Amino acid sequence: MSTQYTDLIREYSHGWKPWQNESVLSHIFMPDGLGVRLHLKDPGFWRVLGLMMPGMNDPDEGALRVRASAYDASYTYVTVNWRNNITLHIETATHGDDLVMLVSPEFVKILPRPMSLIISGVVAWGREGYAMRQDDTLLLHGPSGDIPVYMTAPAFTEYFAKMTTPYIAAQLSEEIGISTGKRRSLDEIKAIIAGGREAHFASHAKYGEYAEAFNAMQNAIFWSTIYAPDTDQPVSPVSRIWIDSNCAGYLLFCWDTYFAAMMAGFDNKALAYANAVAITRSIRECGFVPNSYGPTGHCSYDRSQPPVGSMVCLWLYHRYGDEWFLSDVYDDLKTWNNWFFDHRRTENNNLTWGSCGPYEPVTGDFGIEITNVATWQSAAFESGLDNTPMYDDVKYDSEKNLFELDDVGLTGLFIHDCLCLAEMARVLGKDDDARLFEERASSTEDALETLWDEETGMYLNRRLDTGTFDHVLTPFHFHALFSRRSKGAHAERMVKEHLLNPEEFWGEYVLPSVMRNHPAYTEDHFYWRGPIWGPMNMLVYMALREHGMEEVRRELAKKCNALVLKEWLENGNVHENYNADTGVGQSTCFYHWGALNGLIALIEREEGNL
């Protein structure tokens, strides 16, 4: 990596960040890895709360809702509800290298005995250092020296907290302030918090009526971001809840992480670059960026995922203009494109999904390394559309380890990948590469034209076993709009007759993951069989941009914005996917790429189209 990249990440990472995976109530001072974690002790229930994650809503573990977060952690705000007895409003702010916290209890009912607030010391990721208690002070000691931690309430001896690290505690009967570095009064802490709060929300004012869409997206990315000690950088897995049980420590999915980079990149270059670089450099020796990747060898060694990396990295370049960033990612993105060209083309020069076949287990992880390897399901997983009805009847060639299908969606994405790489190559002065990618795009565009069905007015998947078109439509079919050959009448018919058709994709909530008049939509409406997904909407939106279509983009942006705000404003959730009839969130309730729906509106507003 370039020195510009390492310097950028080092500067961004410095200071207090809630980057420990298990709990957003942990704030760690970087780079030392020392910090504090808040816990709530209920004497009537004998439980200690401390492992809290966004979207958690459990009667025995508490419910946590995120409210606000600055990307540099200069201000954060979450609420914790415990057994409907108490709600804690927890705000933090930074003052130089010091952290202050304000814990404000809101009692639903008065309990016979007050709860305890416990502040424990943390030494994360095997770093050097220790925590110790000195009277009413918690002392953190590390490479940078001592960090004292104070609280404004009188110290309370909580003998039975079941804690294994040093801690201080106070009875939670009123507001409690916590400060590091120097002892501060409650009023001083409140003043720092108020300053951080005011500055944070003032920064949202520039987004006007779309400020809450930005707030939802910022929270979705910030509270999903953790620290990867093996690569010494922040990364943004899809959801803390999702990866909580992952023994590898964290897990990055391919297109999920690129989209995280895109969302962060709207307003935070460092975090955007960190995610784009992290997933790009997970590329395997055989040439593909894997479906999933984690530390200690956890990886999907047999399959990739939709090739959106070049699109996202070029978008970031257009936003920030750093040629060094393009140089950092270009070679791996080029290798990945070559891999798709060499291993996923059909006899008709279109592309299809597949698997690289069985391999010797690396970690012994049965789920990743043995199950669904070199099968129909592994090819479906490579598409990212795990159970889409689009592939229900498609045959899997077990010798070639490929779907027997000319796939419109992947072919369109590959064309766009080639065109993005050609532009990157020209920026970097690699003219021979640029010509290669232009030629590759052109020949694939020729192949895609063989999938146009004049009667349907759509590019259709073609079964290789029968030579017939498949009429099951999904938003992935609109990836054909990435082809320059689709401009004009083809694009107009696709949008008018299908995208804006309420019997197929249009409606109050858009875009369903399969056409509305397909049996899977009405009978299943689960996962990729009907619900709305942020990445599908984003890719259709990006394809529409290739044709102008400002009016269609504007209406799509409005509908996507309303969709994400419905759950965000009501419940503080950003969902993995949404019911296409009701707009209610489904699956994981705090999963960052749901906020792509808000990003569409933010981009359109920025460009003056909203």
Side-chain angles (χ1 to χ4, degrees), residues 13-20 22-41 48-50 52 70 72-78 88-105 115-159 161 163-197 227:
S13 299
H14 181 83
W16 291 92
K17 302 288 192 299
W19 282 353
Q20 195 175 26
E22 308 95 274
S23 177
V24 298
L25 301 187
S26 297
H27 287 255
I28 309 296
F29 183 74
M30 304 295 294
D32 287 20
L34 303 178
V36 295
R37 178 179 293 173
L38 302 186
H39 311 256
L40 180 65
K41 168 71 184 297
V48 176
L49 294 179
M52 300 293 291
D72 62 359
S74 57
Y75 176 73
T76 75
Y77 175 28
V78 302
L88 296 183
H89 299 267
I90 303 172
E91 295 177 280
T92 76
T94 55
H95 189 268
D97 277 347
D98 290 345
L99 173 73
V100 298
M101 311 176 79
L102 181 64
V103 181
S104 305
M115 296 184 181
S116 299
L117 179 70
I118 300 170
I119 309 160
S120 71
V122 174
V123 182
W125 313 302
R127 297 294 176 84
E128 294 183 1
Y130 58 83
M132 62 181 293
R133 176 182 173 180
Q134 293 181 337
D135 298 324
D136 64 348
T137 302
L138 187 66
L139 185 66
L140 309 175
H141 177 79
S144 298
D146 291 339
I147 303 175
V149 182
Y150 308 98
M151 59 183 178
T152 58
F156 168 71
T157 303
E158 178 60 80
Y159 289 113
M163 306 290 292
T164 58
T165 60
Y167 61 90
I168 53 178
Q171 290 191 325
L172 191 56
S173 55
E174 57 185 4
E175 288 182 309
I176 297 177
I178 302 161
S179 60
T180 72
K182 60 178 288 188
R183 193 181 295 272
R184 292 177 168 88
S185 69
L186 187 60
D187 286 343
E188 289 176 310
I189 291 171
K190 285 184 174 181
I192 295 172
I193 294 284
R197 183 192 309 124
Y227 174 71

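Note that the coordinates shown come from a computational prediction; the quantities given were computed from them, not determined experimentally. All residue numbers in this chain count up from 1 along the given sequence.
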Start with the C-alpha distance between Ser13 and Trp19, add both sets of side-chain angles, then the distance that settles side chain to side chain contact (heavy atoms under 4.5 Å, CB included), and finish with yes or no.
CA-CA 10 Å; Ser13 299; Trp19 282 353; 3.9 Å; yes
Do Arg37 and Glu22 pass the side chain to side chain contact (heavy atoms under 4.5 Å, CB included) test, and can you show the C-alpha distance, the side-chain angles, and the key distance before you say yes or no?
CA-CA 10 Å; Arg37 178 179 293 173; Glu22 308 95 274; 3.6 Å; yes
Which residues satisfy the side-chain contact (heavy atoms from CB on, under 4.5 Å) test with [X], sequence neighbours excluded?
X	value
Ser173	none
Asp32	Phe29, Leu34, Pro143, Ser144
Ala194	Arg197
Pro31	His14

Closest non-hydrogen atom pair between [X] and [Y], with its separation:
X	Y	value
Thr137	Pro148	CG2-CB, 4.2 Å
Pro166	Leu138	O-CD1, 3.7 Å
Thr94	Ile192	O-CG2, 4.2 Å
Ala153	Ala170	CB-CB, 3.7 Å
Ser104	Glu175	OG-OE2, 3.0 Å

Residue among Ile119, Ile178, Thr180, Ile193 satisfying side chain to side chain contact (heavy atoms under 4.5 Å, CB included) with Met101:
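The residue from Ile119, Ile178, Thr180, Ile193 that satisfies side chain to side chain contact (heavy atoms under 4.5 Å, CB included) with Met101 turns out to be Ile178.
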So, using ring-ring contact (aromatic ring centres under 6.0 Å, His included) as the criterion, who are the partners of Phe156 when residues are at least two apart?
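In terms of ring-ring contact (aromatic ring centres under 6.0 Å, His included), with neighbours along the sequence ignored, Phe156 is linked to no residue.
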Quick one: salt bridge (Lys or Arg N to Asp or Glu O under 4.0 Å) pairs with a partner in residues 121-147, sequence neighbours left out?
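Every salt bridge (Lys or Arg N to Asp or Glu O under 4.0 Å) pair that includes a residue of residues 121-147, provided the two are not neighbours, is Asp136-Arg183.
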Taking the side chain as C-beta and beyond, is there a heavy-atom pair between [X] and [Y] under 4.5 Å?
X	Y	answer
Ile189	Thr152	yes
Tyr227	Lys17	no
Leu25	Val78	yes

Just verifying a value: how many Å separate [X] [atom1] and [Y] [atom2], rounded to the nearest 0.5 Å?
X	Y	atom1	atom2	result
Ser179	Leu186	OG	CG	10.5 Å
Ser120	Ile168	OG	CD1	10.0 Å
Leu172	Leu88	CG	CG	5.5 Å
Thr165	Met132	OG1	CE	13.5 Å
Lys182	Glu188	NZ	CD	6.0 Å

Pair Leu102-Ile90, side chain to side chain contact (heavy atoms under 4.5 Å, CB included): steps then yes or no
CA-CA 6 Å; Leu102 181 64; Ile90 303 172; over 6 Å; no
Can you tell me if [X] uses its side chain to pair, donor with acceptor, with the backbone of [Y] under 3.5 Å?
X	Y	result
Tyr167	Glu158	yes
Trp16	Asp97	yes
Ser116	Ile118	no

Go through Tyr75 and Glu91 one step at a time and tell me if the side chain to side chain donor-acceptor pair (under 3.5 Å) criterion holds.
CA-CA 7 Å; Tyr75 176 73; Glu91 295 177 280; 2.5 Å; yes
For side chain to side chain donor-acceptor pair (under 3.5 Å), just list the numbers for Thr92 and Thr76, CA-CA rounded to whole Å, side-chain angles, deciding distance to a tenth of an Å, and then say yes or no.
CA-CA 5 Å; Thr92 76; Thr76 75; 2.6 Å; yes
Test: Asp98 and Arg184 ion pair at under 4.0 Å:
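Salt bridge between Asp98 and Arg184, a charged N being under 4.0 Å from a carboxylate O: yes.
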Side chain to side chain contact (heavy atoms under 4.5 Å, CB included), that's the test. Do Val36 and Val122 meet it? Break it down for me.
CA-CA 5 Å; Val36 295; Val122 174; 5.8 Å; no
Step by step, would you call Asp187 with Ser185 a side chain to side chain donor-acceptor pair (under 3.5 Å)?
CA-CA 5 Å; Asp187 286 343; Ser185 69; 5.4 Å; no
